[in-house]
2 protein chains.
Amino acid sequence: MNQSVVFPRTDARILADDGDSLSFCSTCAFSQACLSEGMDKSALMELHVLVEHVGPLAAGDHVFREGDPFSAIAAVRAGTVKTYQIDRDGREQVLGFHLPGEVIGLNAIHDDRYPCNAVALDTVMLCRFSFPKIALLASQLPNLQRHLFRLLSHDIGVASLFARDNSADERMAAFLIGLSRRLAARGFSAKRFQLTMSRTDIANYLRQAPETVSRVLRRFEREGLLHIKQRDVEILDLARLQAMATAVLRD
Amino acid sequence: MNQSVVFPRTDARILADDGDSLSFCSTCAFSQACLSEGMDKSALMELHVLVEHVGPLAAGDHVFREGDPFSAIAAVRAGTVKTYQIDRDGREQVLGFHLPGEVIGLNAIHDDRYPCNAVALDTVMLCRFSFPKIALLASQLPNLQRHLFRLLSHDIGVASLFARDNSADERMAAFLIGLSRRLAARGFSAKRFQLTMSRTDIANYLRQAPETVSRVLRRFEREGLLHIKQRDVEILDLARLQAMATAVLRD
DNA sequence: CGGAGCTTTGACGGACCTCAATGCGTGTGG
DNA sequence: CCACACGCATTGAGGTCCGTCAAAGCTCCG
């Protein structure tokens, strides 16, 4: 396990590849989102100036750790980032999985420290945005400010989804449907994808025992809802899975 | 139960009392917070211009309803506001209780609609801030922008607190300690306070059965942790209660 | 005084966790 | 190239916390 924290140490490598940063940036989810919200090209140029491309990170590399001073948010460009906390008994608590196009670090603004750890689950590429700089730019670009407010507002709702009064089946269905939709929104297949996280991580995230995850997935397969082999999932009955998930996702 | 939505209809009453809005505003939690974060007096004046004082609302009055177009956030000045959703089976899901000094409506920025209902549990006074106006002002006042970012960031963390699989006792202890601290932060007593919400609401918020809430509170009393009569609580053993709550609150 | 609604109390059952053992896949070294 | 070992996943058996159901008590009203 690599113990190093990526953010504070990657300045050198980041500064090294600014030659092609503009071409890279056209694939950056954050920039794309800004564009789609009506930000003009010249504004986007200013955004590009403060972007730092981080990666590739290997599975197990940490993006930041709980308690680190807050300096930047980051958009996931490729791979999956897991955020988690360690409680006082040393047990891990998974807070979320972050796919390409999603932003991490927003919950660190409040008290200027990252309140959780963030670790790469596979090979991860990031766009790093210095928060002081992007906040300053936001005061000049209304659309950027608006985009940031929306990102933050969105995350408020997401956190409370998996309360324990839903059944194990419902939570698992909601988890899979959520993944499917988020991947589809980024252009990936909605019906075939890989679980980049272990069953243990999924169980932890859903507040269940790993054994329960195993049993529920197996039963889903027996009932023809999906096909699963190792970490490769194929959803066979999206409608029925979605119906189970509505109790959690409220759509 | 009063079915009216307060925000869209109170413009007349709000505009009527702008004569003394400045004196009122000195007690507004939001303004105070801005001041304490280093915003200067002239900036605060500009903030006062766009504040609208709403209230008093009676218990059962709605501040906004799920699906209403988003227009404003609001700081609770007095009383308690409950936010909740209705799932497709018609069951209520309590999202949170908002005490004086706390801001509601932040989760509506994302898709320009309030994603939940907000209802007064007792006599409530609010400060209403038009969001377009405060966002515009924020781009001119860096400290205001920073304050808004922090408010949003804070709510991300709060939402995920009760999502974990802690025991009924731990969640109840965390609920009480949370209330105690938030009230103390506003100058109220940390050891004696009123539960402005019903047991049913508490149970719903903690994702428990009302019967469980009843049993746990009763057991806490038998064990000398607190004294409770109806909705009046006196905490007798803050330390022990806090110890139970750490599993949830992580402090 | 009486009724409605919330709260409390008890008995019971079920969903999921814990514990334990086996199976499977991957990487490593002989 | 195969054997072995380690970690993760699976499967089964048993226990428990808490939700559900039912009934009675309490409070605040009219």
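Worth knowing before you read on, the calculation uses all heavy atoms, side chains too, and leaves out hydrogens, waters and symmetry mates. Here is the naming used below: chain letters follow the sequence lines, and residue numbers restart at 1 for every chain. Quick caveat, the model's predicted, so the values are computed rather than measured.
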With five pairs defining each end axis, the helix from C:dC1-D:dG30 to C:dG30-D:dC1 comes out bent, to 10°, by 30°

Heavy-atom side-chain contact between B:L195 and B:I228 under 4.5 Å: yes

Flag the pair A:R181 and A:D251 as a salt bridge only when some basic side-chain nitrogen lies within less than 4.0 angstrom of an acidic carboxylate oxygen. yes

Touch check for A:A168, heavy atoms < 4.0 angstrom, all strands: base, sugar-phosphate only, or nothing? sugar-phosphate

Looking only at atom types and distance, does a side-chain atom of A:Q242 sit under 3.5 Å from a main-chain N or O of A:I177, one as donor and one as acceptor? no

Are A:V124 and A:D122 packed together at the side-chain level, in the sense that at least one heavy-atom pair is separated by less than 4.5 angstrom? yes

Quick one: side chain to side chain contact (heavy atoms under 4.5 Å, CB included) partners of B:A78, sequence neighbours excluded? B:M125

Which of A:R182, A:R77, A:R186 passes salt bridge (Lys or Arg N to Asp or Glu O under 4.0 Å) with A:E102? Answer is A:R182

What integer distance in Å separates B:L195:CG from C:dC6:P? 16 Å

With sugar-phosphate taken as primed atoms, P, OP1 and OP2 and all else as base, the protein-contact string of nucleotides 5-10 of chain D at under 4.0 Å (heavy atoms; B, S, -) is ----SB

Can you name the side chain to side chain donor-acceptor pair (under 3.5 Å) partners of B:R113, sequence neighbours left out? none

Could you state the CG-C1' distance from B:L206 to D:dC18, rounded to the nearest angstrom? 14 Å

Rounded to whole angstroms, how far apart are CD on A:Q208 and C1' on C:dT18? 15 Å

Between residues 219-227 of chain A and DNA chain D, which residues have a heavy-atom gap below 4.0 Å? none

What I'd like to find out is whether the side chain of B:V81 reaches to under 4.5 Å of the side chain of B:L121, using heavy atoms alone. no

B:C127 side chain reached by B:H53 side chain, heavy atoms, under 4.5 Å: yes

Between C1' of C:dT8 and CE of B:M172, the distance in whole Å: 14 Å

Donor-acceptor pair, side chain of B:D155 and main chain of B:L106, under 3.5 angstrom: no

Mind checking ring-ring contact (aromatic ring centres under 6.0 Å, His included) for A:F193 and listing every partner two or more places apart, or none if nothing turns up? none

C:dC16 OP1/OP2 closer than 4.0 Å to side-chain N/O of A:T212: no

Report the distance from atom CZ of B:R91 to atom P of D:dG19, rounded to the nearest whole Å. 13 Å

Check the distance between C:dC16's P and A:N204's CG and give it to me in whole angstrom. 17 Å

